[in-house]
2 protein chains.
Amino acid sequence: MTVPNLVEVASLIGDESRAAMLLCLLGGKALPASELARAAHVTPQTASSHLAKMVAGGLLVHESYGRHRYYRLASIEVGLALEALNAVASPKPIRSLRESEESRALRFARTCYDHLAGEVGVALTDKMGELGLVRSQGRDFVVTLNGTQWFREFGIDVEDLGRSRRHFARQCLDWSERRHHMAGALGAALTNRLIELKWVERVPVGRAVRITPSGLMGFKGELGIRFSISGR
Amino acid sequence: MTVPNLVEVASLIGDESRAAMLLCLLGGKALPASELARAAHVTPQTASSHLAKMVAGGLLVHESYGRHRYYRLASIEVGLALEALNAVASPKPIRSLRESEESRALRFARTCYDHLAGEVGVALTDKMGELGLVRSQGRDFVVTLNGTQWFREFGIDVEDLGRSRRHFARQCLDWSERRHHMAGALGAALTNRLIELKWVERVPVGRAVRITPSGLMGFKGELGIRFSISGR
DNA sequence: TGTATAGTTCGATACTAGTCGAATAGATTG
DNA sequence: CAATCTATTCGACTAGTATCGAACTATACA
């Protein structure tokens, strides 16, 4: 059974420090080496060694800006592999009473590569279905006529998105909620627009995102979604 | 960044011997410990240790029949994770001239968890599209009216399959060909029927499958697909 | 041009984990 | 019951690798 470098990829992910870095990058942002070192709780030397290995293994790519070196996931396949591993690793969304703030925030709202996941992602997706803006079809969502207009008013041109080579509006099952949220080009565009409108904002490090006060009002006014305590 | 046991899962897969065993089991069959030991080229003791770890880690489950102990993948998520890792590991389907018989056979025809993949899987899927039996729709295939009748004549009740909770006819992108083949309930049913008809047969170990002589004739007569040398 | 900062390379250390030989536990067969 | 086969447990050996201190390179800033 001569296998390709599957083993190499898996063992790269199978290290505490490297996995921490990868999960940080799962948000889609590129981060400098120093920040990844902090996230993994290791010294810069150690981090550098890990980063070099992950680049060699095809998991990461880097670009230099001045004396900083920004690392990001090499491809969307890497993100998908991480999510797939997570799905194996967590078949038990037991909400322990004493869970960390960190994981609560993650479960409430986070990015899944480039679109919104967690309770917020699911609630948003559900509401769009409820309002008849989108409709589930197999593994995808399709946008209704009403939806096309709503997205246009919201600042997203559905026609344009449809022309990209990317999957238009795929259903993505995440590990915390056990329901679907919107991924694909539409999911990414929606997320970008929400950030642009400052309804949600990325937190400095990691994949968690926050709902802003104006976001709270916006979600309630535009879509009729009430979030409790903005996730904390 | 407190992560679940993602690291554990990845590091379990990230070992040469264990990966060999997992890929053997990716065919969907349950195999006894001794066979897995042979496949991984390790002693039974070593294999036993690995198997125990993979069971503890939620990758495998086992059932005992007499003095044999059969192991299989614990869930479809495990298979999906393996495929996702493979997609990261092999972004380069360079067909080297001196590739092994083994990988040639694999690329020609293999099972992807429980449905047919490789050249044969893709050719079959393509032809069904060409003949107007199925039609691509987003991430899925839908069966046409003609298709429904064809499948009935072939021994598959499409209506029945549609009632299962499983995805009906998902498009699955495999690593060797870079095109889609049919997965989901319909893909699995089709594969089972082909084995039942003895058009294809599993090889004793691993994921590769063979086209039988009657299969060669059947594929040509029923669907107009000509396979060259039955993969070897 | 000197100094601080970001990042890497090198070398030494320590720990983890894969491996197999030997022995043991069940199950099957004659 | 003895012989045989499958599979596991235990113990010892070994190799691979994550880690950090120290030194080095390169960029930025004053």
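Below, chain A is the first sequence line, B the second, and so on; all start at residue 1.
- In this structure, Glu222(A) has no salt bridge (charged side-chain N to carboxylate O under 4.0 Å, His left out) partners at least two apart in sequence or on a different chain.
- The aromatic rings of His62(B) and Tyr71(B) are tilted relative to each other, their planes meeting at an angle between 30° and 60°.
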Protein and nucleotides 10-13 of chain D: nitrogen or oxygen contacts under 3.5 angstrom:
none

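- Under a 3.5 Å cut-off, the side chain of Arg18(A) and the backbone N or O of Ala40(A) do not form any donor-acceptor pair.
- Ion pairing of Arg69(B) with Glu63(B) is absent here, as no side-chain N (NZ or NE/NH1/NH2) approaches a carboxylate O to less than 4.0 Å.
- Ring-plane geometry between His181(B) and His115(B) is classed as tilted, the angle between the planes lying from 30 to 60 degrees on a 0 to 90 degree scale.
- Side-chain atoms of Ser214(A) come within 3.5 Å of backbone atoms of Lys198(A) as a donor-acceptor pair (strictly under, hydrogens ignored).
- Here the side chain of Thr111(A) pairs no donor or acceptor atom with the backbone of Leu116(A) at under 3.5 angstrom.
- Regarding Asp15(B), its CG atom lies at a distance of 13 Å from the P atom of dG16(D), rounded to whole Å.
- Of the N and O atoms on the side chains of Thr46(A) and Ser49(A), not one donor lies less than 3.5 Å from an acceptor on the other residue.
- Of the residues in residues 52-60 of chain B, none lies under 4.0 Å from DNA chain D by heavy-atom distance.
- Between Trp199(B) and Phe154(B), the two ring planes are perpendicular [angle over 60°; tilted spans 30° to 60°].
- Between Ser34(B) and dC5(D) there is no side-chain N or O to OP1 or OP2 distance below 4.0 Å.
- Atom CZ in Arg38(B) sits about 11 Å away from atom P in dT6(D), given to the nearest Å.
- Between His50(A) and Asp15(A) there is a side-chain heavy-atom pair separated by less than 4.5 Å.
- Taking each heavy atom of Leu82(B) and Leu6(A) in turn, the nearest pair found is O-CD1, 3.8 Å.
- Between chain A and DNA chain C, the heavy-atom contact criterion of under 4.0 Å yields a 5' to 3' nucleotide range of dA4(C) to dT9(C).
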| remark: Readout for nucleotides 24-30 of chain D: B = base within 4.0 Å of protein heavy atom, S = sugar-phosphate only, - = neither; 5' to 3' it is ---BS--
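- Proximity of Arg69(B) to the phosphate of dT6(D): no side-chain N or O atom is located under 4.0 Å from OP1 or OP2.
- Evaluation of the salt bridge (charged side-chain N to carboxylate O under 4.0 Å, His left out) rule for Arg67(A) yields no partner, not counting sequence neighbours.
- Both Thr46(B) and Thr43(A) lie near DNA chain D, and the one whose nearest nucleotide falls closer to the 5' end is Thr46(B).
- With Ser11(A) contributing its side chain and Gly14(A) its backbone, the two residues share no donor-acceptor pair below 3.5 Å.
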